[in-house]
Amino acid sequence: MKSANPIFTHPAIKLLSKCKTLNTLKQVHGHMITTGLALHTYPLSKILLSSSVLELTYAHTIFDHIQNPTVFLFNTLISSVITNHRCQTHLAFSLYNRIILSGDDKLKPNCFTYPSLFKACRSQPWVQYGSVLHAHVLKFLEPECDHFVQASLLNFYANCGKLGVARYLFEQINKPDLATWNSLLTAHTRNDADSCLSSEVFRLFNEMQKSLVRPNEITLVVLIGACADLGALYHGMWAHAYVIRHCLKLNCYVGTSLISMYLKCGCLGLAYQTFDKLPQRDTSCYNAMIGGFAIHGYGQKALQIYEKMRILGVLPDNVTFNVSMFACSGVGLVDEGCKVFESIKEVYGIEPTLEHYGYLVDLLARAGRLQDAEKRIKEMPMKPKATLWRSLFAGARIHGNVAIEKVALKHLLELEPETSDNYVFFSNMYARVNKWEYVNRVKKAGS
DNA sequence: GTAGGGTTAG
């Protein structure tokens, strides 16, 4: 009987993934050095992976001490940098450069090198390197490179708006697999809900079914999103039924997309039914439902969901705070909205963002608590944007407070001297209080 | 035998 290679099954390797601190990891690493285990590629890759998650510089130090690292080890570190330390992407590219410039015939990039690099190329400033990498794929890999590389290439082009190229690449793929189909479908949902592209999702979904690739939860999330963009309620309900009929998991992604689809189609009741029946709910599910109640004018209901979230220990995020305050704002639940704002720092230890202040000011200004709103703007730690002054201005105008209206407009004109609307507001305000000489002056300034 | 691609909310 063939016994398992002890290098792959060594207990120290299992221990590595359980290390929660760098110190414990160093102990295991030390043990692996003394036993000679750290000389082999497989255990080394596990050390690199675990250490790069905890402390990237430590992983780099280990890597730099490896004599002639194999492409396998390069790939391990490249993908870990991109997955766990996105802001250090430059390190991944410099590792890649070391492969390319090594001059070593044995060290060449392979199929595993590219997918994570293409993923990195989806955000700036790395987008420009995508086409260079594409050239490298053609240079270093066999013409029939595998589905992972093809799908990541497709995603890269789709992401930078080159849908035509993405579709061309898809057509070159022999028997696209599930993830490749999903990549193509996703590519059609990126262009700001273009309705032609959303209908194309339906056609592609049919093609996919004909090709006998079975859609999964991700496919359905994309399909349901397309239904939402088109406001196609019956298609959306069909997709919902498909999930149930094909025993797909009603996970948080599927759940959130269904809730959002029902809301966009104006069916608050169906959205809530779906939310209520979800076997699991994460922050996004709650955000969608709170936002849904808020938009439909059920502030109290929205707050109940927010409260339920708190009781069940589901952590809110920035969106939760925004939609909850928005819910309060719409129905004049001022104190409740202020409580949400205060809890951001006091309960969750998060520093409120400019956007949070925006919702707070809107809430106070709409309710006529203009001095409070003004005070909040003046006391906020960051420079207020024009939108905040606009909220204050709108509140002051509705509640007839000319003094605050004037203050808000002055700031608006300072921040947006090019926006002619602000001059119109200003001259209208003076006209309302019969200060005609100012009206003419403002008109001149704005022209 | 070890590494890589696709999904949600205001």
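Being a predicted model, the structure only gives us computed values, none of them experimental. Hydrogens, waters and symmetry mates are skipped; everything else that's a heavy atom, side chains included, is used.
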Engineer: Quick one: ring pair (Phe, Tyr, Trp, His ring centres under 6.0 Å) partners of A/His31, sequence neighbours excluded?
Structural biologist: none

Engineer: Is it true that A/Thr219 and A/Asn216 share a donor-acceptor pair across their side chains at a distance under 3.5 Å?
Structural biologist: yes

Engineer: Counting side-chain heavy atoms from C-beta on, which of B/dG10, B/dG6, B/dG5 comes nearest to A/Val319?
Structural biologist: B/dG10

Engineer: Under 3.5 Å, is there a donor-acceptor pair linking the side chains of A/Thr186 and A/Ser183?
Structural biologist: no

Engineer: Among the candidates B/dA9, B/dG6, B/dG10, find the nucleotide nearest to the side-chain atoms of A/Arg122.
Structural biologist: B/dG6

Engineer: Could I get the full list of salt bridge (Lys or Arg N to Asp or Glu O under 4.0 Å) partners for A/Glu342, not counting sequence neighbours?
Structural biologist: A/Arg376

Engineer: State which residues pass salt bridge (Lys or Arg N to Asp or Glu O under 4.0 Å) with A/Glu379; sequence neighbours excluded, sorted by chain then number.
Structural biologist: A/Lys375

Engineer: What nucleic acid atoms does A/Glu355 come within less than 4.0 Å of, heavy atoms only: base, sugar-phosphate, or nothing?
Structural biologist: base

Engineer: Go through residues 169-182 of chain A and report each residue with a non-hydrogen atom lying under 4.0 Å from DNA chain B, sorted by number.
Structural biologist: A/Asp177, A/Leu178, A/Ala179, A/Thr180, A/Asn182

Engineer: Residues in salt bridge (Lys or Arg N to Asp or Glu O under 4.0 Å) with A/Arg98, at least two apart?
Structural biologist: A/Asp64

Engineer: Heavy atom of residues 206-222 of chain A under 4.0 Å from DNA chain B: which residues?
Structural biologist: A/Asn216, A/Ile218, A/Val221

Engineer: Of all the choices, B/dG6, B/dA3, B/dG10, which nucleotide is nearest to the side chain of A/Asn322 once you look at every atom?
Structural biologist: B/dG10

Engineer: Using a heavy-atom distance cut-off of less than 4.0 Å, which residues of residues 96-119 of chain A contact DNA chain B?
Structural biologist: A/Asn110, A/Cys111, A/Phe112, A/Pro115, A/Lys119

Engineer: Looking just at side-chain N and O atoms, do A/Arg167 and A/His188 make a donor-acceptor pair shorter than 3.5 Å?
Structural biologist: yes

Engineer: Would the base of B/dG5 count as contacting A/Asp146 through its side chain, where contact means a donor and an acceptor less than 3.5 Å apart?
Structural biologist: no

Engineer: Students often get this wrong, so: under 4.0 angstrom with heavy atoms, is A/Phe326 touching a base, only sugar-phosphate, or nothing?
Structural biologist: nothing

Engineer: Would you say A/Ser80 and A/Ser52 are linked by a side-chain donor-acceptor pair, where the criterion is simply a distance under 3.5 Å?
Structural biologist: yes

Engineer: Residues from residues 237-271 of chain A sitting under 4.0 Å of DNA chain B, heavy atoms only?
Structural biologist: A/Cys252, A/Tyr253, A/Thr256, A/Ser260

Engineer: Check ring pair (Phe, Tyr, Trp, His ring centres under 6.0 Å) between A/Phe148 and all other residues, then give those that pass, not counting sequence neighbours.
Structural biologist: none

Engineer: Near DNA chain B, which residues from residues 48-79 of chain A have a heavy atom under 4.0 Å away?
Structural biologist: A/Phe72, A/Asn75, A/Ser79

Engineer: Quick one: ring-ring contact (aromatic ring centres under 6.0 Å, His included) pairs with a partner in residues 97-117 of chain A, sequence neighbours left out?
Structural biologist: A/Tyr96-A/Tyr114

Engineer: Under the side chain to side chain contact (heavy atoms under 4.5 Å, CB included) test, which residues partner A/Leu15, sequence neighbours left out?
Structural biologist: A/Val28

